[in-house]
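Owing to the predicted nature of the structure, the values given are computational and were not obtained by experimental measurement. Below, chains carry the letters A, B, ... as their sequence lines are ordered, and counting in each starts from 1.
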Protein chains: 2
Amino acid sequence: MVPIRKTPTIQDVARQANVSAATVSRVLSSPDRVSKTTRERVQAAVSATGYTINQAARSLRLRNARTILMAAPNIGNPYYSTVLDGVIRAASERGYSVLVATRLGQDPNRWLADYLHSNRADGLLLFDGSLDTFGINGSDEEGPNLPLVAAYDEIPDPRVNSVLVDNRAAAARATRHLIELGHTRIGHLMSPSRNKSLHERRIGFEQAMQEAGLPIRPEWMMQGDHSLGTGIAAGEHLLAQSERPTALFCGNDEMAIGVVHRLRLAGVECPRDLSVIGFDDIAVAAFAAPPLTTMRQPREDIGRFATNTLIDIIEGVIPADEPVHVTLRAELVLRESTRRA
Amino acid sequence: MVPIRKTPTIQDVARQANVSAATVSRVLSSPDRVSKTTRERVQAAVSATGYTINQAARSLRLRNARTILMAAPNIGNPYYSTVLDGVIRAASERGYSVLVATRLGQDPNRWLADYLHSNRADGLLLFDGSLDTFGINGSDEEGPNLPLVAAYDEIPDPRVNSVLVDNRAAAARATRHLIELGHTRIGHLMSPSRNKSLHERRIGFEQAMQEAGLPIRPEWMMQGDHSLGTGIAAGEHLLAQSERPTALFCGNDEMAIGVVHRLRLAGVECPRDLSVIGFDDIAVAAFAAPPLTTMRQPREDIGRFATNTLIDIIEGVIPADEPVHVTLRAELVLRESTRRA
DNA sequence: CAAGTTCGTGTAATCGATTACACGCTGACG
DNA sequence: CGTCAGCGTGTAATCGATTACACGAACTTG
């Protein structure tokens, strides 16, 4: 019967190797500062004891956590989960752990502060533009003082680093696709407008329409919230109208799928009666009925890029006082939900 | 110009309130042990300084992290992301943070050990049955000594706590659904069999077939790996046969969608020519073409339940030496991919 | 009024790793 | 042979929170 083996500490290793704890620490962090013979003795002791570092002690001493926090309004959403995958991979490559937080019922400005001021995470990946970053960053005058990278959604504060897709250009591209197919009666199911990045999609739509000299009909501009539910509601809104558009640009794929689903129940088939283009290219899109034409966001790249930027800032590779703004491009993916007018 | 404000410590609060750090600590953890007047003074000092606890210091002293680790082979998978959502919510309610780890290219038995022995996490939620739990638990004879709950996949070791779906019963239910619709020529696209839980789905299928006195045709038993790709391959396998089944039970929804997709390209329509039932009810399923009949797994419940069980074990609410085995039920969701033979 | 409780608070040790500083040894050089 | 540089290692302080123990004050009780 082996007695309960406590997790070995650096002291245990030191004793085993007949050196001081300081030397063990040096072997682990800067091996060249230790003579070859002691180094080997210590390394043997490490594997003999099965020592692993106690992160809490290390964090306390070094005032960092080698951990980043990813915050998203809803991780269950397939959009974010792909991003998260990229985040985890990038973080892991650089020796960082990933904490995940989701917005819960609480005060939106409180839920993160706790994590960040408490030395649990060294930086924040923010995928939620509705947050007041000042609440996280301390007083306004100081500016951001905690490593923070915003992605997916733009933060009004230009001092915040960001990794974004060029939503305006992508939305214009999507709209032009419909125009190139010969459509002139085009509607838009809009994304929530309090989110600045998403609002850009509407602007891109309007620009493309104006450039083509096409009218923007108010009754075909519908407000959605990115849920399937609003897609279905938009479908009903369209069904109630005497004159319907022949093409529709939706602010995201979920809403597009909702619209298509609702219209089909009423015998209005996509793309026969209505061409629909979405945005994001979530995994579902390719297998929806019909497979959805959409603007693909490089979600995993967004995750990786944002993570690497964040860690660069944390480690001082990038100076913290010069905000980084990266813009990635979305790509048109042609499938079967759009066709010639 | 305000000087750079360092994160306030418990000492700063103590100074501000004219008490000792011990008293501040007591106000925070057991307020009734402190007199009303000092308590209020301390609370005022806490808000005045904006103090938040330093988790690293707390973890070091208390030898816990108030953090759990969720490990899944692939978080980008929509299946796991819903589970993760349940995990985060349940953990958050109990004051725990969630670290997420994904299997990377490395040695499967090493990637977790580090997290757990290093005081970063107090327990592990394991969603990957291919791991050798002994590597995590220390020597065999000791048995599990680190709080661990396995979900989704069954761990061969009965001493490991688990939260699972009754895969065999659910698979039998799915198969009986096809039989009740009058199908007699039924195939099965199998899940990976090295995973014990998933293998149960095959057994459930075979049991239901046998009970109904229906033959199991080897050429209609196909091996998949839960990806869309194997669904497509299975579709091709079926297309190459002279005699095809009229119904197919797929080990998960992705494969089902792949099969349907591939067959349609060849003019074989679901459900007209082939009824297909999936498993899991991932978000896509309802909006696939056609909407997929499937067995719904209570994914968020699995996440919540597993998390609460894990935290109960960590906190000693449940004795660690009596393994917990919870079985949840999957539910038949009727949509349009199955019809009468 | 002495002795014993109870209550509220402070003192100091502790968790485990890191690192500035000090010290001793070796070897080079004038 | 004395001095000094450089290398390798140990000593001890430190990070911030928790808590066993001690202590003094107030209160109870015979």
side-chain hydrogen bond (donor to acceptor under 3.5 Å, both in side chains) against B:Tyr96, all qualifying residues, sequence neighbours excluded = B:Glu315
Describe the nucleic acid contact of A:Leu28 in one word from base, sugar-phosphate, nothing, applying a heavy-atom distance below 4.0 Å.
->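 A:Leu28: no heavy atom of the nucleic acid under 4.0 Å.
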With a non-hydrogen cut-off below 4.0 angstrom, is A:Val34 in contact with a base, only sugar-phosphate, or nothing?
->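 Here A:Val34 touches the backbone only, sparing every base.
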Would you find more than 12 non-hydrogen atoms of other residues, nucleotides or ligands less than 6.0 Å from A:Phe305 atom CZ?
->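 It does not: A:Phe305 CZ has 12 such atoms or fewer within range.
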Salt bridge (Lys or Arg N to Asp or Glu O under 4.0 Å) pairs, two or more places apart, involving [range]:
| range | result |
| --- | --- |
| residues 299-311 of chain A | A:Glu93-A:Arg304, A:Glu300-A:Arg304 |
| residues 12-21 of chain A | A:Asp12-A:Arg15 |
| residues 40-58 of chain A | A:Lys36-A:Glu40 |
| residues 62-85 of chain B | B:Asp85-B:Arg89 |

Give the B/S/- string for nucleotides 10-15 of chain C, one per nucleotide from 5' to 3', where a protein heavy atom under 4.0 Å of the base yields B, of only the sugar-phosphate yields S, and otherwise -.
-> BB-BBB
Interatomic spacing from OG1 in B:Thr49 to CD in B:Gln16 - rounded to 0.5 Å = 6.0 Å
Please round to the nearest 0.5 Å and tell me the distance separating atom CG of A:Leu69 and atom CG of A:Asp122.
-> 10.5 Å
Rounded to whole angstrom units, what separation is found between the [atom1] atom of [X] and the [atom2] atom of [N]?
| X | N | atom1 | atom2 | result |
| --- | --- | --- | --- | --- |
| B:Asn64 | C:dG16 | CG | P | 13 Å |
| B:Asp12 | D:dA17 | CG | C1' | 13 Å |
| B:Gln11 | D:dT18 | CD | P | 11 Å |

Please list, chain by chain and in numerical order, all residues satisfying ring-ring contact (aromatic ring centres under 6.0 Å, His included) with B:Tyr152, sequence neighbours excluded.
->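 Expected list: B:Tyr79, B:Tyr80.
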Residues in salt bridge (Lys or Arg N to Asp or Glu O under 4.0 Å) with A:Asp312, at least two apart?
->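 Testing A:Asp312 for salt bridge (Lys or Arg N to Asp or Glu O under 4.0 Å), a comparison that skips the adjacent residues, returns A:Arg94.
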Side chain to side chain contact (heavy atoms under 4.5 Å, CB included) with A:Ser97: which residues, sequence neighbours excluded?
-> A:Thr67, B:Leu99, B:Tyr115, B:Arg120
Counting just side-chain N and O atoms, does B:Arg33 come under 4.0 Å of either OP1 or OP2 of C:dC7?
-> no
Looking at A:Tyr51, does any N or O in its side chain come under 4.0 Å of the phosphate oxygens OP1/OP2 on C:dG16?
->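 Checking A:Tyr51 against C:dG16: no side-chain N or O falls below 4.0 Å of OP1 or OP2.
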Indicate the atoms forming the closest heavy-atom contact of B:Ala56 with A:Leu60, along with that distance.
-> CB-N, 3.7 Å
For DNA chain C, determine which residues of residues 35-47 of chain A have any heavy atom closer than 4.0 angstrom to one of its atoms, and list them numerically.
->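 DNA chain C contact set from residues 35-47 of chain A: none.
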Show your working on side-chain contact (heavy atoms from CB on, under 4.5 Å) between B:Asn54 and B:Thr9 and close with a plain yes or no.
-> CA-CA 8 Å; B:Asn54 182 317; B:Thr9 74; over 6 Å; no
Given axes from five pairs at either end, by how many degrees does the helix from C:dC1-D:dG30 to C:dG30-D:dC1 bend, rounded to 10°?
-> 50°
Enumerate the protein-to-nucleotides 23-28 of chain D contacts in which both atoms are nitrogen or oxygen and the separation is below 3.5 Å.
none

